[in-house]
Amino acid sequence: MKRGFALILALLLLAFGSAALAEEVPPLCGVVLVSDSMGGDWSILAERRHLDAVLYPLDDEWHDIAMDVPDERVVEIIGGQELYLILPMDADATVSVVHLSDDEENLIYHSETGEPFLLRCNAAPSPWEEDPYLSDFEEVTEPFDCRILIVDSMDHVLIWNPYVHFNRGEVNTDALGGCVIDFTNY
């Protein structure tokens with residue numbers, strides 16, 4: 001009896017599995033961590049001529065894409081310490097970036113195209129700066145001060161907070177509604 005049930009379950013999974021796979025949301029965004037130690041009051045827009053110096057460790061492909069981003073697609077939160085190249089996967093996507101402060105949320109970028117853009121964010125200091133002996137076992141709240149919303153041409157919605165995990169040193173790729181791919185090491 002158990003064997004028959006397992007066979008029926010396997011056939012159901014085969015029959016409906018392909019339909020379920022067809023409904024999976026494709027990756028909606030890619031990201032390249034350019035720098036996680038910007039610091040200071042360095043402004044991307046004011047110091048655009050120095051952007052090449054910040055981008056030097058990137059592979060040629062990512063470097064060229066980042067250098068081609070025009071000023072109107074450079075988004076920054078004053079004091080942000082992390083610089084990302086954001087790559088929406090759909091050229092027809094609608095993209096918004098919302099700055100999250102203690103008492104309000106402000107739209108700081110909106111585009112009706114899915115063109116790559118640079119985002120400087122996360123002005124909050126690392127807990128490691130305050131306590132260099134912080135235990136890996138202690139709960140650390142990852143600081144982020146912005147949210148990216150992407151709606152692709154198929155009406156898939158992605159909500160994502162970019163930041164670097166303190167313990168892992170990797171870009172957060174957890175998002176609601178879809179997938180973010182980290183291209184930093186590619």
Side-chain angles (χ1 to χ4, degrees), residues 28-59 61-88 95-111 115-150 158-176 179-186:
L28 299 180
C29 182
V31 62
V32 177
L33 176 63
V34 176
S35 174
D36 63 352
S37 59
M38 300 287 293
D41 290 328
W42 186 80
S43 169
I44 296 170
L45 294 175
E47 300 293 336
R48 183 74 180 186
R49 66 187 179 278
H50 297 298
L51 185 58
D52 192 42
V54 174
L55 298 175
Y56 80 89
L58 293 181
D59 288 343
E61 179 184 359
W62 300 128
H63 179 274
D64 292 346
I65 292 170
M67 286 303 294
D68 287 343
V69 171
D71 288 349
E72 61 270 11
R73 285 190 278 128
V74 177
V75 184
E76 58 184 324
I77 296 171
I78 301 302
Q81 298 189 23
E82 299 165 3
L83 179 63
Y84 299 93
L85 173 62
I86 307 295
L87 306 151
V95 179
S96 298
V97 178
V98 177
H99 176 235
L100 308 170
S101 65
D102 292 336
D103 53 349
E104 62 186 11
E105 298 182 5
N106 294 311
L107 180 67
I108 59 173
Y109 176 75
H110 181 80
S111 173
E115 296 178 290
F117 64 99
L118 288 168
L119 172 64
R120 178 181 171 212
C121 60
N122 299 331
S126 160
W128 304 113
E129 293 173 17
E130 295 172 14
D131 184 358
Y133 302 104
L134 188 65
S135 167
D136 287 347
F137 300 105
E138 292 181 45
E139 185 174 329
V140 174
T141 303
E142 306 285 354
F144 54 83
D145 56 14
C146 71
R147 178 171 296 132
I148 297 174
L149 295 96
I150 297 176
L158 173 89
I159 302 171
W160 174 53
N161 301 95
Y163 63 87
V164 176
H165 288 283
F166 290 130
N167 291 334
R168 296 193 309 245
E170 301 169 349
V171 175
N172 169 46
T173 57
D174 299 329
L176 294 175
C179 179
V180 175
I181 299 174
D182 182 2
F183 291 115
T184 301
N185 296 317
Y186 291 97

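Because the structure is predicted, anything quoted here is derived from the model rather than measured. Numbers here simply count residues along the sequence, with the first being 1.
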For residues [X] and [Y], determine if any side-chain heavy atom of one lies less than 4.5 Å from a side-chain heavy atom of the other.
X      : Y      : value
Val171 : Tyr84  : yes
Val32  : Ile65  : no
Arg73  : Leu118 : no
Leu119 : Tyr109 : no

Quick check against the 3.5 Å criterion: does [X] have a side-chain atom that pairs as donor or acceptor with the backbone of [Y]?
X      : Y      : value
Asn106 : Ile108 : no
Thr184 : Leu33  : yes
Asn122 : Asp145 : yes
Asn172 : Asn161 : yes

Approximate separation, where rounding is to 0.5 Å, of [X] [atom1] and [Y] [atom2]:
X      : Y      : atom1 : atom2 : result
His165 : Asp174 : NE2   : CG    : 5.5 Å
Leu83  : Gln81  : CG    : CD    : 12.5 Å
His99  : Ile78  : NE2   : CD1   : 9.5 Å
Leu149 : Leu28  : CG    : CG    : 11.5 Å

Tell me the closest heavy-atom pair linking [X] and [Y], and the distance in Å.
X      : Y      : result
Glu82  : Pro162 : OE1-O, 4.4 Å
Ile150 : Cys29  : CD1-CB, 3.7 Å
Pro116 : Val69  : O-CG2, 4.0 Å

Open item on the list: Among Ile77, Leu100, Val98, exactly one meets side-chain contact (heavy atoms from CB on, under 4.5 Å) together with Cys146. Which residue is that?
Closed with: Ile77
Open item on the list: Parallel, tilted or perpendicular: which one describes the rings of Tyr163 and Phe144, with boundaries at 30° and 60°?
Closed with: parallel
- [ ] Apply side chain to side chain contact (heavy atoms under 4.5 Å, CB included) to the pair Val74 and Phe117, showing each step before the final yes or no.
- [x] CA-CA 6 Å; Val74 177; Phe117 64 99; over 6 Å; no
